[in-house]
Engineer: 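Take this structure first; my questions come after.
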Amino acid sequence: MIKKFKMLNNSKKLAQVAICFSLLTGTVVSNVIPPITAFAETQPEADTPLNKENLKPLSVQSVEKLENGVKINLGEYVGYVHLLDKDIAKVSVLKKGEDEYNSPGIAKQDWDTPRFKTEETKDEYILSTDEITVQIRKDKFGIKFLDKQGNVINEDAEQGVGYENGKPYVFKKTDKNENFYGFGEQSGGLNKRGKSIGMWNTDAYSYNKNTKYLYTTIPFFIGLKDQKAYGIFFDNTNRSYYEMASEKDDYYYFYANGGKLTYYFINGPKIGDVIDKYTELTGKINMPPQWSLGFHQSKWGYSPDDLVNVAQTYRDKKIPLDTMHFDIDYMDGYRVFTWDEKFKKALSTLKNNGFHAIAINDPAVKQDENYSVYQEGTKGNFWAKNPDGSTFIGAVWPGPSAFPNFHKKDVRDWWGNSLSTLFNAGIDGIWNDMNEPAVFDGPYHTMPLDIKFEGDKGDDLLHTEYHNLYGHDEADATYNGFLKNKPNTRPFVLTRDMYAGTQRYAALWTGDNVSNWEHLQMSIPMNSNIGLSGVPFVGNDIGGFAKQDEFTTPELFARWIEVGAFLPFARDHYDSSSKNGTAKGQEPWQFGKDVEDISRKYISMRYELMPYLYNQFKKSADNGQPVQQPLVYQFQNDMNTYNIEDQFMFGDSLMLAPVVTQGQTRRQVYLPAGEKWVDYWTGKEFDGNQTITVNADLGTLPIFVKKDTIIPRQEVEQYTGEKKLENLILDTYLDKEASYSFYEDDASTLDYEKGEYNVTNFKVEKKGNHIEFEQDKKTQKFASDIKSYTLKLHDAEDPKKVQAGNNKYDKVGSAEELNKQQTGYYFDAAEKVLYVKIPVNEKHKVNIQ
């Protein structure tokens with residue numbers, strides 16, 4: 001067992017030996033735990049292959065029409081096709097007598113059945129809505145989905161569907177032109193065609209591009225064929241497998257080690273349509289508190305003084321920062337819901353200085369008869385159980401520990417209530433870690449598969465079924481505990497472990513990545529696929545978590561911060577591999593003045609773009625769209641975007657082309673077809689559908705802006721809410737017509753759910769020899785601080801006049817002078833930029849001639 005741990009120094013080795021001895025002998029070794037221990041990459045036992053020689057085709061014996069679909073007699077099995085919406089179908093194949101399955105990942109079960117028609121022929125039974133047709137083959141049971149034009153979207157392959165030795169499986173036809181995206185958190189590249197994928201939540205410390213099993217399970221993917229998209233959600237919580245044309249070019253298949261055969265088919269034809277419907281099914285994110293969109297700093301091993309001093313150094317150096325993270329050292333002996341008083345004092349100091357704080361929380365509860373949390377859990381029968389009914393005990397940071405059974409509602413409620421210890425001290429957010437669940441001395445770094453999780457209604461689950469749901473239910477408990485402890489405050493929960501639907505409770509970070517170029521490169525397609533899987537609030541440890549002592553160079557950190565400043569969740573977090581003073585830091589100023597300046601530049605830019613970023617999250621809350629988007633998301637009609645992994649859209653309008661290769665100072669950038677693009681730094685304009693080469697010295701992140709877009713901005717702040725947003729900058733790149741629907745609320749409470757928000761529609765349009773600006777205050781239920789807009793027009797000319805109604809705007813001599821005016825304009829001849837100051841209550845259109 002000791003060989004499973006990678007020892008980093010003698011003190012940690014002795015500590016690990018001691019805890020292993022304790023576990024093997026039953027001897028209690030108090031207060032012995034490695035302060036910082038790194039594990040070798042962990043993976044589960046070998047895959048369980050599907051025996052294709054043992055597949056048993058099913059045939060339709062009879063069909064019964066239902067109110068929302070059909071029930072299909074398949075002999076010893078029964079099949080269902082339910083039409084949830086005009087473009088969503090649920091397909092189930094079960095043993096006779098079994099109930100249909102909905103996992104906790106499903107958020108919406110009450111659907112309004114669409115209008116549909118049925119038709120039966122000798123060979124098929126057909127259901128048709130206004131959008132899709134579902135053809136059920138009788139002789140050899142299989143399903144074909146067609147769009148309203150009659151084109152085949154997706155079709156079962158000859159191998160069909162069914163169960164092989166208890167393993168549910170589905171085979172689908174494909175062709176060489178079909179591509180696959182999504183699958184949640186996966187290593188490797190963007191397009192998963194030709195890949196073998198597995199899902200079993202795993203504490204995969206220092207994973208690499210070939211690691212198969214990572215921290216999350218989201219069994220949802222998007223197929224893109226003939227420029228049209230569909231989605232499939234295989235709602236099975238067991239360990240599952242996806243062979244995406246990895247064996248032959250004409251089929252793909254997916255299966256699981258157990259459970260029921262249940263999947264949802266979603267027609268697009270746009271990728272955004274698929275994600276919108278998928279997140280209607282599994283839940284959309286709620287609006288996050290705006291402070292959580294700021295920059296975060298963290299380290300495993302900060303002392304109380306470090307937390308205070310690092311935060312203050314950010315302020316002193318004018319590098320914006322909102323939040324400090326408290327890793328496991330803040331606890332009393334790694335006991336959850338406890339405090340080391342020195343850390344509690346540091347928290348108070350941070351709060352008094354205007355910082356937010358997030359505390360880590362692990363599910364393992366120390367086995368200690370004198371510890372109130374353990375006492376409560378034991379008294380309440382709250383723990384996961386061994387097959388004989390005794391409490392399962394496994395080793396994590398506090399030593400021998402019990403594990404809450406989050407499958408039970410009273411356990412989730414108890415856990416959520418217990419968060420009061422953290423919230424009462426001033427914590428603003430909760431960071432759920434180790435929730436795969438990770439168990440140091442368990443088989444393959446987790447619990448044995450026969451550990452039992454008792455249910456509320458006799459629906460007991462074994463670990464083999466519940467493993468991938470453990471972190472989901474913990475996130476549920478944490479989110480709802482947050483709401484109870486902090487009423488009318490938006491929760492922020494960060495998790496390392498997910499199932500489909502967890503996005504409605506938590507943001508995701510991609511676990512213990514490594515400080516090397518491979519991980520910087522991999523982070524872009526990884527985040528992109530997570531975003532395409534319904535989880536827009538995602539980020540990676542900026543600079544890399546593991547092995548930062550060995551690999552983090554000034555160049556690598558500079559390039560990573562350029563990407564990291566534009567992640568939906570932006571946190572610099574790293575592993576302190578020693579506490580003897582030899583480990584170097586990974587804060588921006590640790591790499592010299594040049595890198596410090598680069599960090600300040602791009603983090604400041606994030607804060608300038610906060611109105612734009614916040615509005616992108618509103619779009620995610622409305623329709624599930626990613627914030628960090630692969631190019632294929634917006635440009636699925638441009639086949640050149642299908643495999644681009646080193647560029648991404650930051651929201652709807654900004655395309656980033658970071659350098660992710662060591663030593664590179666120039667790079668090629670593909671500009672998608674159908675748009676005109678502007679180099680953010682030079683103002684040079686380019687047509688789409690071409691590849692250009694741009695300079696990218698160490699301090700330059702190539703950024704391109706779509707023409708005919710408006711980007712709402714503000715003056716830079718050192719933290720969110722430092723200043724009232726009184727002047728909204730409308731950064732406009734006009735070709736013919738640009739529009740933007742600007743959303744605003746208080747950014748911290750749940751009052752927006754009661755309708756307390758504003759929506760203002762802006763439009764800027766070229767009309768003959770003049771440009772026209774207008775605003776439409778569509779919804780005004782929030783008391784905004786905005787008093788004016790500054791319309792910033794790029795590639796402009798010096799106007800002869802600017803006028804709204806009978807009110808002629810005066811020309812001023814500088815941007816600084818304009819800032820002091822209520823109305824007016826300034827033309828920067830050198831940059832060819834026109835600034836027009838417009839009062840928020842301007843009722844007339846503003847004409848620029």
Side-chain angles (χ1 to χ4, degrees), residues 101-105 200-201 203 217 237-239 258-259 334-337 361-369 371-419 421 430 432-482 484 493 495-499 501-502 505-506:
Y101 178 68
N102 288 306
S103 76
W200 179 253
N201 296 343
D203 180 5
T217 288
T237 67
N238 291 256
R239 185 174 171 186
Y334 307 107
R335 294 170 177 84
V336 292
F337 307 126
N361 207 42
D362 292 349
V365 176
K366 184 175 178 63
Q367 186 184 31
D368 179 352
E369 300 298 337
Y371 171 33
S372 63
V373 179
Y374 180 74
Q375 292 169 348
E376 292 169 11
T378 301
K379 182 178 179 181
N381 190 31
F382 291 164
W383 308 128
K385 300 294 182 61
N386 290 307
D388 64 5
S390 61
T391 298
F392 169 74
I393 300 296
V396 198
W397 298 118
S401 302
F403 291 79
N405 172 16
F406 293 118
H407 185 40
K408 296 175 69 174
K409 185 179 185 304
D410 57 350
V411 178
R412 296 196 297 273
D413 291 343
W414 166 71
W415 191 259
N417 292 337
S418 299
L419 292 168
T421 303
I430 304 298
N432 287 345
D433 194 18
M434 306 295 288
N435 52 348
E436 289 71 38
V439 183
F440 293 166
D441 61 329
Y444 303 98
H445 208 64
T446 191
M447 297 178 184
L449 297 182
D450 59 357
I451 295 302
K452 185 177 179 180
F453 294 86
E454 296 171 345
D456 293 316
K457 302 175 183 178
D459 53 337
D460 299 351
L461 296 176
L462 295 179
H463 184 225
T464 185
E465 305 166 86
Y466 190 59
H467 176 88
N468 287 334
L469 281 173
Y470 193 83
H472 173 89
D473 281 349
E474 184 198 22
D476 177 341
T478 305
Y479 184 89
N480 286 295
F482 199 119
K484 185 172 182 179
V493 181
T495 186
R496 191 172 78 173
D497 176 290
M498 277 192 170
Y499 184 70
T502 312
Y505 304 126

Engineer: Of all the heavy-atom pairs spanning G377 and W414, show the shortest one and how long it is.
Structural biologist: N-CZ2, 4.0 Å

Engineer: Ignoring hydrogens, what is the shortest heavy-atom contact between V336 and A364? Give both atom names and the distance.
Structural biologist: CG1-O, 3.8 Å

Engineer: Test of understanding: with ring pair (Phe, Tyr, Trp, His ring centres under 6.0 Å), list the residues that count as partners of Y505, not counting sequence neighbours.
Structural biologist: H472, Y479

Engineer: Nearest 0.5 Å please: distance from the CZ atom of F392 over to the NE2 atom of H463.
Structural biologist: 8.0 Å

Engineer: Please name the residue in the list N361, D473, T495 that meets the side-chain hydrogen bond (donor to acceptor under 3.5 Å, both in side chains) test with N435.
Structural biologist: T495

Engineer: What pairs with E465 under salt bridge (charged side-chain N to carboxylate O under 4.0 Å, His left out), at least two apart in sequence or on another chain?
Structural biologist: none

Engineer: The criterion is ring pair (Phe, Tyr, Trp, His ring centres under 6.0 Å); which residues satisfy it with Y371, sequence neighbours excluded?
Structural biologist: none

Engineer: How would you list, by chain and number, every residue that makes a side-chain contact (heavy atoms from CB on, under 4.5 Å) with T478, sequence neighbours excluded?
Structural biologist: W415, L419, I430, N432, E474, V493

Engineer: With no hydrogens and no angle check, do the side chains of D362 and Y334 hold a donor and an acceptor under 3.5 Å apart?
Structural biologist: no

Engineer: Side chains of N468 and W200: closer than 4.5 Å at any heavy-atom pair?
Structural biologist: yes

Engineer: Minimum heavy-atom separation for A475 to T502, with atom names?
Structural biologist: CB-CG2, 3.8 Å

Engineer: Just to verify, what does D459 make a side chain to side chain donor-acceptor pair (under 3.5 Å) with, not counting sequence neighbours?
Structural biologist: none

Engineer: Show your working on side chain to side chain contact (heavy atoms under 4.5 Å, CB included) between V365 and F382 and close with a plain yes or no.
Structural biologist: CA-CA 11 Å; V365 176; F382 291 164; over 6 Å; no

Engineer: Decide side chain to side chain contact (heavy atoms under 4.5 Å, CB included) for F453 and M447; before the verdict, give the C-alpha distance in whole Å, the side-chain angles of both, and the deciding distance to 0.1 Å.
Structural biologist: CA-CA 12 Å; F453 294 86; M447 297 178 184; 3.7 Å; yes

Engineer: Could you check whether any side-chain heavy atom of P104 comes within less than 4.5 Å of a side-chain heavy atom of L469, counting everything from C-beta outward?
Structural biologist: yes

Engineer: Given 3.5 Å as the limit, does a donor-acceptor pair link the side chain of Q375 with the main chain of E369, or not?
Structural biologist: yes

Engineer: What is the distance from atom CZ of F440 to atom CE of M434, rounded to the nearest 0.5 Å?
Structural biologist: 4.0 Å

Engineer: Starting at NZ of K366, measure out to CD1 of I393 and round the result to the nearest 0.5 Å.
Structural biologist: 10.5 Å

Engineer: By side chain to side chain donor-acceptor pair (under 3.5 Å), which residues pair with T378, not counting sequence neighbours?
Structural biologist: W383

Engineer: Tell me every residue that passes salt bridge (charged side-chain N to carboxylate O under 4.0 Å, His left out) with R496, counting only those two or more places apart in sequence or in another chain.
Structural biologist: D203, D433, E436, D512

Engineer: Once you round to the nearest 0.5 Å, how far does CG of N201 lie from OG1 of T446?
Structural biologist: 9.0 Å

Engineer: Check whether any side-chain heavy atom of Y466 sits under 4.5 Å from a side-chain heavy atom of I451, and report yes or no.
Structural biologist: no

Engineer: Applying side chain to side chain donor-acceptor pair (under 3.5 Å) as the test, list every pair that has at least one member in residues 400-410; sequence neighbours left out.
Structural biologist: K409-D413

Engineer: Residues in salt bridge (charged side-chain N to carboxylate O under 4.0 Å, His left out) with D460, at least two apart?
Structural biologist: K452

Engineer: In Å, rounded to the nearest 0.5 Å, how long is the span from OH of Y374 to CZ of R335?
Structural biologist: 13.0 Å

Engineer: Going by ring pair (Phe, Tyr, Trp, His ring centres under 6.0 Å), name the residues that satisfy it together with F482, two or more places apart in sequence or in a different chain.
Structural biologist: F423

Engineer: Rounded to the nearest 0.5 Å, what separates atom CG in L462 from atom NE2 in H467?
Structural biologist: 14.0 Å

Engineer: Strictly distance-based, threshold 3.5 Å: is any side-chain N or O of N386 a donor or acceptor partner for the main-chain N or O of D388?
Structural biologist: no

Engineer: For S103, check side-chain contact (heavy atoms from CB on, under 4.5 Å) against everything at least two apart and list the hits.
Structural biologist: Y101, I106, D235, T237, Y499

Engineer: For D450, enumerate each residue passing the side-chain contact (heavy atoms from CB on, under 4.5 Å) test, keeping only those at least two apart in sequence or located in another chain.
Structural biologist: P387, P448

Engineer: Nearest heavy-atom pair of V411 and P404: which atoms, and what distance?
Structural biologist: CG1-CB, 4.0 Å

